[in-house]
Novice: 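Got a structure for you, written out below as structure tokens; questions coming shortly.
None of these values were measured; they are calculated from a predicted model. First the proteins, then the strands, lettered A, B, ... as listed; each starts at 1.
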Amino acid sequence: MSQTDDPYKNLTITTGAVAEPNTSRTNKTGSWRQFKPVIDVDACIGCGQCDTYCPDQAAKPVEGEDFYGFDLDYCKGCGICAEVCPTDAIEMIREEK
Amino acid sequence: MAKAEPNPSDEQEVMKGTSAVAKGVMAADPDVVSAYPITPQTGVVEKLSELVADGKLDSEFIKVDSEFNAASTCIGASAAGARAFSATSSQGLKLMSEPLFTAAGMRLPIVMAVANRSLSAPLSIWADHTDAFAERDGGMLQFHAEDVQEAIDHVLMGFRVAEQVNLPVLSNFDGFILTHVQEPANIPTEAEVNEFLPPRDPEYTLDPSDPKTMGAYARPEHWTEARYEIQAAMMESKDVWAKTVEEFKEVFGRDYTEYNGMLDTYHGDADYLLVALGSIAGTIRGVIDEYREQGVDVGLVRPRVHRPFPTEEIRDALGDAEAVGVLTKEMSPGYESALAGEIKGTLYHAEYQPPIKSFVVGMAGRDVTAEGIGAMIEETMEASAPMTFDEQESWPQLREELLETGGDQ
Amino acid sequence: MSSDLQDQDYTDEVEHGEELWNPGHRACAGCGPALAMKYITEAAGENTIVTNATGCMEVVSTPYPESSWGTSYIHNIFENAASVAAGVEAAYQSFDRRDPDHLDVQDEDDLNIIAIGGDGATADIGFRALSGMMERGHDVLYIMYDNEAYMNTGVQRSSQTPFGASTTTSPAGQESIGNDTNKKDMASIAAAHGVEYVATASISNPHDFKQKVEEALSRDGPKFLHVYAPCPVGWSYESSKTVEMAELAVETGLFPVFEMEDGEITSVNKIRDRKPVREWLENQGRFKHLFKDEEKGEEAIEELQEWIDGRAEDLELDA
Amino acid sequence: MEEIRIHGRGGQGSVTLAQLLAQAAHEEGTWAQAFPAFGVERRGAPVEAFARFDEEKITDRSQVDEPDFVIVQDTSLLEYVDVTDGLNEDGLVLVNTDADPGDLDLETEAEVVTVDATEIALEHLGRPIMNTALLGAFAGATGLLGQDSMEAVITRKFGGEIGEQNVAATNDAFTEVSA
């Protein structure tokens, strides 16, 4: 989703501006990224350190596989995952957009 | 409305103002009371603590570290869905100012009894309305009581209206003059209050089974609307208040329905009208009687509600007066008193604008005597427009001989 | 690494759980406090009410109408997260006494009330609220996430800013080596209030931190946790180094990790071969002035090292 | 309207006396009001308290400057305070003392009545708390309050044995002054 779109054009302000839970997922912070993590699936041992230390909940097990992948909708490209990976299976590469 | 009410009934008790208000609060049965001492309010929370200690009041009683956190704990409790009460005065109200503005924005119906008192410096513990007026623009409903009975009843009606329009309430009653007076008052019973005040039923609460996010910040594209809703709720509160005073009359028999509960008048159709808030109105009534006996057609218009401001009602009440005198216990340094300015603003687009004199009196407990009020009536009768800004407002009790600047009032 | 893997995008194939700290929050890349929020919510679970002070974590998580929180959440103002939590707790005490069925699915005894504030909101401006909440004995867990300055307003010095750090209100200069005070000891202050369980933790050891959150929540009354959470922007280091910076702070003894019960230290995460603080300092832009002026810089590093050594001795930190 | 001013010292219970006066008057079926001169005075400093009775609701909130009745709790005040200032000439001043009215040398046209309320209090309560005795003396001297009304409010306020002792002190003083 483009950051310039207003996802709330039909919004009605609730009493006291109370918000619904879990709604920030609408904000795709992947657009902030300059470097993206890529994983060497052969080197990945599935330890989950990348998941543990990802501030954006973007490193997750890949469905049906024994390795981890990245939710690029949210990954901001901080590179913590690459730092904490015990097998150096993650590399940060400059993203071409 | 007639000045004299029937002789006190057997149900009335002679009780200190603060104790009487506390007993009214008890009847409203709040879940949470936050308490911090400040003169002259302290008696309210002391009495409530006594009622809790004796098992007569089943509230969580938080002995907080400051008025700031009295307001803050009330905010937490109210957001959780509780009925919350606190009381304060003067500096304490100032210390609450920041959280109270957010309570309005978060639409939390906290009710506070405010024992009105001057603000430092110099330090003073005595009554005036500078504390209430300093919070004027926060989004809290504000009522001013003339006597102890109203101080009790405004708190109860405060809960009723606050919980419908989701705004906090400051229920003002003058420090010492009403907090420390002993006079007869009817103390509402819990059974009566239950008939008048249903349990709180908030739309959103901090309930983990239905999680919500409260107190989000708003960006420029949403903030104006969120804050405008306070204005809308304030305006809506006029109708709710009008219904509330009717309901109150039905249950308790006490009649606050004049001008939809917004104004109380005494010879309100007189040629010359005084306007005043709170307990000073009582003394004014006696002076009006004296002047009327001498053939002077003078009356009183007392706003019971200061926020929302009784705009239409003020236009009705003052619209055909020969002249108006505003007696007020607050000041706005650099301009004129806020109450006078508000009344003039209200009348600006009315059909007719009477000349208005304002008098800053009774500051920090300075005793306002019948003689002094008489002089202000006479000055009001001589008022005529146009006036210079200097002529608009006077400080009749000012002791000019004490002024280093010499003064020019 | 083979090149064909580099283009593999797993966005649609990754499995998200029932996160209570949701993606889409607007924290900076590599945010330490955002990790702390993730661990707190994971440890506390859904039966939780969070009260949050104004600050980075509030601003990044709740731009109306979005919320990153899956739990009940309230933000009020900067300096009252502790007293708002106290009010929530008092309300639930009342509900529980008057109407035990108030909560649909939860048992009040299992309800977690957690107040969260940054170091400025907690150790400085919210100190009165915190002190009152703890002293009165509310059943609230207070968690201070410490990134050692006012980051939300642009890196101003707080009472948790370490000695020698250059911030926008304690800048290094001709006459200044940066901040001239050591970190205020919040754990001892909390313990001195009679708080039964007090602990420190670091986002570099989430297992330890989450265990402490769980331990704290298992107890009645006030609890206090001080969690270390580096800020890549305010400290000026590469965003990928957040965990490493937190770990180095622990390994140098700048941030000792321990537990206190009833005012006594009951466990300390011992450090074998404690590293000199220099190794932590030299990785951060906020300390770079200490390495430019050799004489004054050395003196400052020495002074900080002495403070750390003194605390290490008191805590018997060295293995 | 009857207006009463009480002169005492901080700690002597002038506010309590004003309260008892108002409550007893209300018990008689009139409207009543009592309030202290609002201040920050500490124990021992001269203080004032006021009471008003009326058939109609009292709305006047100003201090009592022209009292019909003055009650003086302590003669040591006479040296420093002009207790009869503004006193109605047809009024009455009641002074707690064992001296005769003529010996007090008060500058007033109003009637002066004395009662040794402290002695009566010591006799019944064992302590020099003279407010209930002064209440009784005021009632005896003015005829404004009946003994039943005073007994009712004292019993409500104190209850039990202390209540009985205070009622006895009130009645003693009432009788002494009426006689």
Novice: Step by step, work out the side-chain contact (heavy atoms from CB on, under 4.5 Å) result for C/Asn76 and B/Met214.
Specialist: CA-CA 8 Å; C/Asn76 186 232; B/Met214 305 176 87; over 6 Å; no
Novice: Quick one: CG on B/Asp65 to CG on C/Leu130, what's the gap to the nearest 0.5 Å?
Specialist: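 Rounded to the nearest 0.5 Å, the CG-CG separation comes to 10.0 Å.
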Novice: Any heavy-atom pair between the side chains of C/Arg136 and B/Val64 that's under 4.5 Å?
Specialist: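 The answer is yes, as the side chains (C-beta and beyond) meet within the 4.5 Å cut-off.
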Novice: Looking at chain B, which one of C/Ser68, C/Ser67, C/Ala90, C/Ala129 has the largest number of heavy-atom pairs inside 4.5 Å, strictly under?
Specialist: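 Most heavy-atom pairs under 4.5 Å with chain B: C/Ala90.
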Novice: Answer with side chain, backbone, both or neither: which region of B/Ser59 has an atom nearer than 4.5 Å to a non-hydrogen atom of chain C?
Specialist: both
Novice: Would you name the heavy atoms of C/Phe95 and B/Ala82 that are closest together and state the gap between them?
Specialist: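 It is CZ-N, 3.6 Å.
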Novice: Does the C/His75 side chain pair with the main chain of B/Gly215, one donor and one acceptor, at a distance under 3.5 Å?
Specialist: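 Between the backbone of B/Gly215 and the side chain of C/His75 there is a qualifying donor-acceptor contact (under 3.5 Å).
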Novice: Could you tell me the separation between the OG atom of B/Ser72 and the CD atom of C/Glu79, rounded to the nearest 0.5 Å?
Specialist: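 With rounding to 0.5 Å, OG (B/Ser72) is 7.0 Å from CD (C/Glu79).
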Novice: Short question: side chain of B/Arg219, backbone of C/Tyr64 - any donor-acceptor pair under 3.5 Å?
Specialist: yes
Novice: Need one label for C/Arg128: side chain, backbone, both or neither, based on atoms under 4.5 Å from any heavy atom in chain B.
Specialist: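 Backbone plus side chain of C/Arg128, per the 4.5 Å heavy-atom cut-off to chain B.
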Novice: Measure the shortest side-chain to side-chain distance between C/Val84 and B/Thr73 over non-hydrogen atoms and say whether it is less than 4.5 angstrom.
Specialist: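 They are not in contact (no side-chain heavy atoms under 4.5 Å apart), so the answer is no.
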Novice: If you count heavy-atom pairs within less than 4.5 Å of chain C, which of B/Gly105, B/Pro99, B/Ala79 leads?
Specialist: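 It is B/Pro99.
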Novice: Are any of the side-chain heavy atoms of C/Tyr73 and B/Pro211 separated by less than 4.5 Å?
Specialist: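 C/Tyr73 vs B/Pro211: side chains apart.
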Novice: Among B/Ile62, B/Asp58, B/Ile75, B/Val32, which residue has the highest count of heavy-atom pairs closer than 4.5 Å to chain C?
Specialist: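 The residue among B/Ile62, B/Asp58, B/Ile75, B/Val32 with the greatest pair count is B/Asp58.
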Novice: Looking only at heavy atoms, what is the nearest atom pair of B/Phe68 and C/Ile77, with distance?
Specialist: CZ-CD1, 3.6 Å
Novice: What closest approach, in Å, do C/Val59 and B/Tyr217 show between heavy atoms, and which atom pair accounts for it?
Specialist: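 Nearest pair, atom of C/Val59 first, then B/Tyr217: O-CE2, 3.0 Å.
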Novice: By a 4.5 Å heavy-atom criterion (distance strictly below it), what part of C/Glu135 contacts chain B: side chain, backbone, both, or neither?
Specialist: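 No part of C/Glu135 comes within 4.5 Å of chain B.
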Novice: Atom CG of residue position B/Asp201 - does it have more than 12 heavy atoms of other residues, nucleotides or ligands inside 6.0 Å?
Specialist: no
Novice: Once you round to the nearest 0.5 Å, how far does OG of C/Ser94 lie from CG of B/Asp29?
Specialist: 8.0 Å
Novice: Any salt bridge between B/Asp31 and C/Arg97, counting N to O under 4.0 Å?
Specialist: no
Novice: Given heavy-atom pairs under 4.5 angstrom as the criterion, report whether the side chain, backbone, both or neither of C/Thr51 touches chain B.
Specialist: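 Neither the backbone nor the side chain of C/Thr51 comes within 4.5 Å of chain B.
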Novice: Report the C-alpha separation of C/Ser72 and B/Lys212 in whole Å, then their side-chain angles, then the decisive distance to 0.1 Å, and conclude whether the side-chain contact (heavy atoms from CB on, under 4.5 Å) test is met.
Specialist: CA-CA 5 Å; C/Ser72 287; B/Lys212 300 289 176 197; over 6 Å; no
Novice: Considering only heavy atoms from C-beta outward, does the side chain of B/Pro208 approach that of C/Ile49 to under 4.5 Å?
Specialist: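 Contact flag for B/Pro208/C/Ile49 side chains = yes.
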Novice: Non-hydrogen atoms of chain C under 4.5 Å away: do they reach the side chain of B/Pro30, the backbone, both or neither?
Specialist: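 For B/Pro30, backbone heavy atoms alone lie under 4.5 Å from chain C.
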